[in-house]
Amino acid sequence: MNAPNLPSGHDIWAPLRATTQARIGLGRAGDSLPTRRVLEFQAAHAAARDAVHDPLDVDGLVERLHEIGVDEPLRVSSRASSRSEYLRRPDLGRSPADLSGLPTTNADIGFVLADGLSPRAVAEHATGMIDALVRQFDGRYRIAPPVIATQARVALGDHIGQALGVATVLVLIGERPGLSFADSLGIYLTHRPAPGCTDADRNCISNIHPPDGLDYDAAAAVAAALVTGARTLGRSGVALKDTTRNVAVPPGV
């Protein structure tokens, strides 16, 4: 088949590139990538590294939470004493340094805002996500004071949830940065949290970073459905499925 006659300089990949963040149709310059594509990759890699290492501005996050009507959040940290130790010792990020300041609330829902591997994601999206979740729950549940956790891995939420005495804990955490996005937020939901829970006991909603990823309202709707399901089932994890995206098929189709 003969190649179509295209105008000089026409980029046949441009329409596809506009629909995805994947690196497609990069082209070549001799045996190498074009300089522009090399520089784009280096910039994305630098942004991902910065997202991992930049500390969470806890005071700034507290101010933004105040703006949406959240009272003074509680603060905890993991046993990792520094960012370097946190990255080298994931186990330390899963256990708390001290939870003695957390009250027993016996609330239905607990929120943990954890810096994770992208503090930037928490700084940029946690406030909007909390606001959407509270609106979605619409007063149906008792919500414990939110907890900001630094040098934190997902499993730290199990300790925090147990200390708060909440039925379900939602850990909003910065996800591992990639070369397309460095500010993606995830929500990990665990019903009846306690130390020793595994990933099989959790449900995850990932890729939250509007406008290019999942938006806050959509993520909140999924979280609310999972909370309802967990309370009905009595557990979360592999036994609990997200049914919010099921599409009814008309009879005869």
Side-chain angles (χ1 to χ4, degrees), residues 55-80 93-116 118-174 185-195 197 201-205 208 216-217 219-228 230-231 236:
L56 177 64
D57 179 3
V58 175
D59 291 337
L61 178 57
V62 169
E63 289 181 9
R64 289 189 291 277
L65 289 170
H66 286 167
E67 291 173 359
I68 63 169
V70 175
D71 293 333
E72 190 65 24
L74 305 169
R75 307 187 191 195
V76 303
S77 63
S78 75
R79 291 172 53 214
R94 300 186 185 108
S95 58
D98 181 16
L99 298 182
S100 61
L102 299 186
T104 301
T105 66
N106 296 316
D108 298 311
I109 302 290
F111 293 132
V112 177
L113 283 57
D115 52 3
S118 178
R120 180 184 303 173
V122 179
E124 294 184 3
H125 301 301
T127 304
M129 193 65 249
I130 289 289
D131 185 49
L133 286 166
V134 171
R135 286 188 284 104
Q136 183 69 43
F137 292 148
D138 194 26
R140 295 192 301 275
Y141 306 119
R142 292 168 297 144
I143 299 177
V147 178
I148 298 175
T150 52
Q151 313 297 14
R153 302 276 177 172
V154 171
L156 186 62
D158 299 331
H159 297 264
I160 295 171
Q162 184 185 61
L164 291 172
V166 298
T168 307
V169 66
L170 278 68
V171 178
L172 284 61
I173 191 167
L185 187 75
I187 300 176
Y188 287 81
L189 181 152
T190 308
H191 191 63
R192 296 179 179 171
C197 287
D201 300 310
R202 316 185 205 286
N203 295 85
C204 177
I205 306 166
I208 305 167
Y216 305 140
D217 288 336
V222 174
L226 289 173
V227 168
T228 300
R231 292 170 67 87
S236 54

Query raised in the report: Between atom OG1 of Thr127 and atom OH of Tyr216, what is the distance when rounded to the nearest 0.5 Å?
Result: 8.0 Å

Query raised in the report: Any side-chain heavy-atom pair from Leu172 and Val122 closer than 4.5 angstrom?
Result: no

**Report entry** Over all atoms of both residues, closest heavy-atom pair of Arg153 and Ile173
**Finding:** C-CD1, 4.0 Å

Report summary line: CG (Leu61) and CD1 (Ile148) are apart, to the nearest 0.5 Å, by 4.0 Å

Report task. Mind listing the closest non-hydrogen atom pair of Leu189 and Ala223 along with its distance? Result -> CD1-O, 4.0 Å

Requested in this report: Check Leu99, Val169, Val76 against His159 for a side-chain contact (heavy atoms from CB on, under 4.5 Å) and give me the one that passes.
Outcome: Leu99

Query - Validation row: Pro103, Leu74 side chains within 4.5 angstrom (heavy atoms) - result: yes

Report task. Flag the pair Pro73 / Leu113 as yes when at least one side-chain heavy-atom distance between them is below 4.5 Å, and no otherwise. Result -> no

Requested in this report: Just do the side-chain contact (heavy atoms from CB on, under 4.5 Å) check on Leu156 and Val112 with the steps written out, would you?
Outcome: CA-CA 9 Å; Leu156 186 62; Val112 177; over 6 Å; no

Query raised in the report: Are Arg79 and Arg94 close enough, and set up right, to give a side-chain contact (heavy atoms from CB on, under 4.5 Å), and what steps lead you there?
Result: CA-CA 8 Å; Arg79 291 172 53 214; Arg94 300 186 185 108; over 6 Å; no

Report task. Dump the intermediate steps for side-chain contact (heavy atoms from CB on, under 4.5 Å) on Asp108 and Thr168, then the final yes or no. Result -> CA-CA 6 Å; Asp108 298 311; Thr168 307; over 6 Å; no

**Report entry** From Gln136 atom CD to Asp131 atom CG, the distance as rounded to the nearest 0.5 Å
**Finding:** 11.5 Å

Query - CG on Asp57 to CG on Asp115, rounded to 0.5 Å - result: 12.0 Å

Query - Salt-bridge criterion met for Arg192 and Asp201 (N-O under 4.0 Å) - result: no

Query raised in the report: Is there a donor-acceptor pair closer than 3.5 Å between any side-chain N or O of Arg231 and the backbone N or O of Thr228?
Result: no

**Report entry** Which atom of Ala80 lies closest to which atom of Gln151, heavy atoms considered
**Finding:** O-CG, 3.8 Å

Query raised in the report: Where is the tightest heavy-atom contact between Ala114 and Ala152, given as atom of each residue plus distance?
Result: CB-CB, 3.7 Å

Report summary line: Here the pair of heavy atoms bringing Pro195 nearest to Gln162 is CD-OE1, 3.3 Å

Requested in this report: To the nearest 0.5 angstrom, please state how far the CD1 atom of Ile205 sits from the CE atom of Met129.
Outcome: 7.0 Å

Query - More than 12 heavy atoms from other groups under 6.0 Å of CZ on Arg64 - result: yes

**Report entry** Check: Pro145 and Asp71 side chains under 4.5 Å, non-hydrogen atoms
**Finding:** no

Query raised in the report: Do the non-hydrogen side-chain atoms of Ser78 and Thr150 ever get within less than 4.5 Å of each other?
Result: no

Report task. Could you tell me the separation between the CG atom of Leu226 and the CD1 atom of Ile187, rounded to the nearest 0.5 Å? Result -> 9.5 Å

Query raised in the report: Do His191 side-chain atoms and Val227 backbone N/O form a donor-acceptor pair below 3.5 Å?
Result: no

Query - Working for side-chain contact (heavy atoms from CB on, under 4.5 Å), residues Arg135 and Asp217 - result: CA-CA 9 Å; Arg135 286 188 284 104; Asp217 288 336; 3.2 Å; yes

Report task. For Gly110 and Ala144, work out which heavy atoms get closest and say how close. Result -> CA-CB, 4.4 Å

